[in-house]
Amino acid sequence: MPQLNSELLKHPFYLILHPFNGYWDLKYDWNKKNNLIVSFSILFLLVVTNIMSSQYSGFLVNIYNPADMNSLMEVLYVLLPVLFWCVANWSLTTLMDGEGKFVEIFTSTCFAFIPMVIIPFPWIWLSNVISIQETSFYYFSHSVAVIWSLYLLFVGNMTVHQFTPSKTIGTLLLSVIAMGFLAFLCLLFFSLIQQILSFAITIYQEIDLRS
Amino acid sequence: MLSSIYKARTFVLTTLICLLSIGMGSAIVHAEETPKSYNYSYWGDAVASPLAYRATALLNGDSLGVGSFKEPNDIHVTADNQIYVLDSGNNRIVVMDASFKLVRIIDSFEVNGKPDKFMSPQGLFVTEDKHIYVADTGNNRIVHLDSNSKLVKVIENPQSELFQEKFQFQPARVVVDKAKRIYVMAVGVFDGFMEFNANGEFSTFIGANRVRVDPAELLWKRLSTRAQRSQMAQFTPTEFTNLDINDEGFIYATNGDRFGDTIKKLNAQGNDILRRTGYFSPRGDIAATSQMDASRLIDIDVADSEIYSVLDSRHGRIFTYNGDGYLMYVFGGLGNRLGEFKTPSAIERVGDQFLVLDKGLGEITLFETTEYGRTLNEAVRSYYRGDEEAAFALFQKSINMNANLEFAYAGIGKALLRQGKYAEAMKYFKESKDQLGYSKAFLLHRKEVLRGYFPSIMTGIVLIALGTIAFRKLRHWKGGRKHAAIEQ
């Protein structure tokens, strides 16, 4: 068990520092179950970081409206894009001869988010002890985190699907568009369901009033 | 097989729940009832606030004994509180004193020995030495009378190569600065205000509004042919709707711009130098949802200490801002009760009182400050003067009357900062969402704290350093002994 624990901790950090080897190992060597455990923990940590940074970040970088703060929505803001991304990427890459399975896409995506957790997390406290001139460090490190994550996402996608770099970039862009389509279809679906429901309710009311 | 179906089902269900809950999150409906008197919070919500001004009297021509006003267009108050009303429909100027008693009526003057009259004049300005400038719109001229209603000069048909061929001079509003330069807002002039020198010769245009283009309109224009384009409306800068001048000679102007700044403060070069450091750039109602609902500012009045008020004709409200662009208070409205108007056309301040001219009813409504309004006015004034002690006390007092007055907290914070109470100042700056002030207070606070703990921090660092050295030495010594033991 201690062996497992140290692997759970060691693999993610190895991966973000050596993405090419790391993602290769993620796909072929590492334990699938452990990968999933780590992925979900990363998602959880990302959610926690988001909630905490919108709640506890310093006043100079974050003026938040307590009336608009909803932790449940913060959870969704993280989970839904990831879900949409994975579905969109998976649907596209199956058509474009990608070798990745859905689980692999999911784990590789989640592992790519590690910098978005480990860099902003200490900044929640650091942002409370900086002046307005020093906030540029805050914004700089956040950009670094995002760029690093994007790079990891790129390498992860390339390794998982065994694509060439240019094809990976194309797939990533197309996935974003596919996410838009997905969102549109979902909204359409739910609004139609709503219409049908309200129609049924109206009919029921009519019948109820006449009888 | 079954388990995979089960898995798929849970997956679909979770997605469904997630998406549904998004819909529910957005379905929260905010009550949109604007209170009678309000102020905007940092978040742009209208928050109820105490009344700053209360309507106390209604003046009309009959109560003055001069016959009812007919479409009065402009009103002007001099430094010694004489009130000049431009009664456009009756082509006359009615002058009242500070207690609203009739002083005189100006309805005619002599030009070259012949009596002459105004014709539907629109604008009026009275200088410090009581010279009257009237934008005599119907006669296409500006009439300059001295304090005894004797004609000084008439400005007609200005000549310049800047004008187009068919230009017709139709002055609508006029102001005069201390150097007797005359600034005229004329109908159909898009190049800004017309500036005349003291002799009445046209010198230049100043402060033209920039052309702003609706992207959709621009796209249509790009797509259409030359023939179609010639039929379309041209992109022209918006006209100004009104202007006023303050003691330092800065012109405050309002315009009917659809996007962009509807209030401007122009310097001598015509550049806009209005400070917009408030929560929102001053433009009347900010929560307007549609174009029909947006404020249309038609008059502006500058008081002392850079306080200025604008009149919104669409909702009949008067918005007052301080020099930094923070909204101080709102009052007025459309309706039939006292303190409400039908077609408000001009505002003026008489000391701390407000006069609002209603064009349709031919009435002037007098507003007087409440305790709250007085306190706030005084607070802003003492803050402007740099009297932070007084500002501190007055802002404190106004906050006691209206805890939602967010910008007042910054005033208190600044006074506390000056007094050296940094931690407390930080709290107040945070309350008013003033990041710059907060940062300033925080830096000083941080320095103070670090200085306070400097001895203990340094002692700690030195102790840790000594400890590590000692520990290493000890291990080395022990290791050396072990080494020696092995060697033996």
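Treat the numbers as computed from the prediction; the structure is a model and nothing was measured. Values reported hereafter were calculated over all heavy atoms of this structure, with side chains retained and with hydrogens, waters and symmetry mates removed. Letters A, B, ... are given to chains in the order of the sequence lines, protein chains preceding strands, and every chain is numbered from 1.
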Check: Which side-chain hydrogen bond (donor to acceptor under 3.5 Å, both in side chains) pairs, counting each pair once, include a residue from residues 446-459 of chain B, with sequence neighbours left out?
Finding: A:Glu134-B:Arg446
Check: Any chance OH of A:Tyr28 has more than 12 other-residue heavy atoms, nucleotides or ligands included, within less than 6.0 Å?
Finding: yes
Next item on the list: Kindly check if the number of other-residue, nucleotide or ligand heavy atoms within 6.0 Å of OH (A:Tyr56) is above 12?
Entry: no
Item checked: Atom CZ of A:Phe154: over 12 foreign heavy atoms under 6.0 Å -> yes
Next item on the list: Could you tell me which residues in residues 424-443 of chain B have at least one non-hydrogen atom under 4.5 Å from a non-hydrogen atom of chain A, sorted by residue number?
Entry: B:Phe429, B:Lys430, B:Lys433, B:Asp434, B:Gln435, B:Leu436, B:Tyr438, B:Ser439, B:Phe442, B:Leu443
Notebook entry, point to check: What is the minimum heavy-atom distance between A:Ile63 and B:Trp43, and which atoms define it?
Noted result: O-CH2, 3.5 Å
Next item on the list: Return yes when atom CH2 of A:Trp123 has more than 12 non-hydrogen atoms of other residues, nucleotides or ligands closer than 6.0 Å, and no otherwise.
Entry: yes
Notebook entry, point to check: Measuring heavy-atom distances to chain B, does A:Val129 have an atom under 4.5 Å in its side chain, in its backbone, in both, or in neither?
Noted result: both
Notebook entry, point to check: Considering residues, nucleotides and ligands other than B:Glu389, do more than 12 of their heavy atoms fall under 6.0 Å from its CD?
Noted result: no
